[in-house]
Amino acid sequence: MRAVLLGPPGAGKGTQAARLTERFGVPAISTGDIFRANVKGGTELGRKAQEYMNAGQLVPDEVTNAMVRARLAEDDAAQGFLLDGYPRNPEQAVELDSMLADLGVVLDVAIEITADFDVVTERLLKRAEIEGRADDTEPVIRKRLEVYSTSTAPLTAFYAGKGLLVQVDGLGEIDEVTDRLVAAVAR
């Protein structure tokens, strides 16, 4: 399975990514993990990313793309992967296609976990309370959901246009959602 996982904050992507990678025997590759590994390892790309992050800016696509390209070339990703947090825009999706072409493979599926924004807002508010995240207030969460919706619409359209987009309801018991995701991937 070579897949990308999309979904709003609070939809359960992290939980489901862990379950899917275990089920399919492929690594979960998150851009956050890649950034942290490069920064911690003191790589050239990590130093560049750190400069932007320290300035409170988004890491530019060219740095992110280079990190993802290097990660996908690692041995554990040769038989498949689940990307979480990448691509974030159609330009990155085009670059991902190029990376995969260089590796002689193609993307199998783009999975979007869907969830009602009111429900995920409640989930995130509960998580903020449990984990002591004072900055995760309802207005902040709603803004993150709005940004997700705006930025992801072109990406879901991109994958729908290629016939790769599968949307799966992310609400319900964790096992039920996992079953729906596995069925969608096996389509």
Side-chain angles (χ1 to χ4, degrees), residues 1-113 124 127-128 131-136 140-141 143-152 154-156 158-159 164:
M1 172 182 74
R2 290 177 184 85
V4 297
L5 186 61
L6 311 168
K13 290 185 307 295
T15 298
Q16 293 302 332
R19 288 169 153 244
L20 289 173
T21 58
E22 184 177 311
R23 175 76 177 254
F24 291 99
V26 298
I29 300 174
S30 121
T31 49
D33 291 344
I34 294 171
F35 285 171
R36 284 185 287 280
N38 276 274
V39 169
K40 184 178 179 182
T43 68
E44 181 181 341
L45 289 171
R47 287 189 297 275
K48 285 183 184 176
Q50 188 69 57
E51 288 175 26
Y52 289 98
M53 291 185 293
N54 286 347
Q57 299 174 332
L58 289 176
V59 177
D61 283 357
E62 58 270 13
V63 176
T64 303
N65 292 341
M67 287 184 184
V68 171
R69 180 179 290 276
R71 179 62 183 92
L72 290 177
E74 292 180 22
D75 289 343
D76 69 332
Q79 299 306 311
F81 55 81
L82 179 66
L83 281 169
D84 178 7
Y86 183 91
R88 288 204 181 273
N89 57 53
E91 295 78 18
Q92 287 182 347
V94 168
E95 182 62 24
L96 175 60
D97 285 348
S98 173
M99 292 176 206
L100 296 178
D102 290 347
L103 294 169
V105 297
V106 295
L107 191 66
D108 297 318
V109 64
I111 308 161
E112 181 182 23
I113 298 177
L124 291 170
R127 184 172 79 183
E131 296 178 7
R133 296 181 181 194
D135 57 333
D136 269 357
V140 169
I141 291 167
K143 179 65 176 170
R144 286 172 53 206
L145 291 169
E146 180 185 315
V147 168
Y148 169 80
S149 195
T150 303
S151 65
T152 304
L155 189 57
T156 55
F158 175 85
Y159 283 123
L164 294 176

- Which residues share a side chain to side chain contact (heavy atoms under 4.5 Å, CB included) with Ala93, sequence neighbours left out: Pro87, Leu155, Phe158, Tyr159
Counting only N and O atoms by type, is there a donor-acceptor contact under 3.5 Å from the side chain of [X] to the main-chain atoms of [Y]?
X	Y	value
Thr21	Ala17	yes
Arg2	Leu83	no
Lys13	Leu6	no

- Message: Could you go through Arg144 and Asp136, starting from their C-alpha distance and side-chain angles, then the distance that decides it, and tell me whether this counts as side-chain contact (heavy atoms from CB on, under 4.5 Å)?
- Response: CA-CA 10 Å; Arg144 286 172 53 206; Asp136 269 357; 3.4 Å; yes
- Message: Is there a salt bridge (charged side-chain N to carboxylate O under 4.0 Å, His left out) between Arg47 and Glu44? Walk through the geometry before answering.
- Response: CA-CA 5 Å; Arg47 287 189 297 275; Glu44 181 181 341; 5.3 Å; no
- Message: Leu5 vs Ile111, test: side-chain contact (heavy atoms from CB on, under 4.5 Å). Steps then yes/no.
- Response: CA-CA 5 Å; Leu5 186 61; Ile111 308 161; 4.0 Å; yes
Would you compute the distance between atom [atom1] of [X] and atom [atom2] of [Y] and round it to the nearest 0.5 angstrom?
X	Y	atom1	atom2	value
Arg88	Asp61	CZ	CG	10.5 Å
Leu107	Asp97	CG	CG	7.0 Å
Arg71	Ile34	CZ	CD1	6.5 Å
Asn38	Asp33	CG	CG	11.0 Å
Thr15	Leu20	OG1	CG	11.0 Å
Thr152	Glu112	OG1	CD	7.0 Å

Are any of the side-chain heavy atoms of [X] and [Y] separated by less than 4.5 Å?
X	Y	result
Phe81	Glu74	no
Gln79	Val26	no
Val106	Leu100	no

- Would you sort out whether Arg19 and Glu22 count as a salt bridge (charged side-chain N to carboxylate O under 4.0 Å, His left out), showing the intermediate values? CA-CA 5 Å; Arg19 288 169 153 244; Glu22 184 177 311; over 6 Å; no
- Using the salt bridge (charged side-chain N to carboxylate O under 4.0 Å, His left out) rule, take Arg69 and Asp102 through it: C-alpha gap first, then chi angles, then the decisive distance, then the call. CA-CA 10 Å; Arg69 180 179 290 276; Asp102 290 347; 2.8 Å; yes
If I compare all heavy atoms of [X] with all of [Y], which pair ends up nearest, and what's the gap?
X	Y	answer
Pro27	Gly80	CD-O, 3.2 Å
Gln92	Asn89	N-OD1, 2.7 Å
Thr31	Thr64	CG2-CG2, 4.4 Å
Leu72	Met99	CD1-SD, 4.1 Å
Leu45	Val63	O-CG1, 3.9 Å
Ile113	Pro8	O-CD, 3.2 Å

- Message: Would you say that more than 12 heavy atoms from the other residues, nucleotides or ligands in this model lie under 6.0 Å from the CZ of Phe24, or not?
- Response: yes
- Query: Are there more than 12 heavy atoms of other residues, nucleotides or ligands under 6.0 Å from atom CZ of Arg23?
  - Reply: no
- Does a donor on one side chain and an acceptor on the other come within less than 3.5 Å for Ser30 and Asp84? no
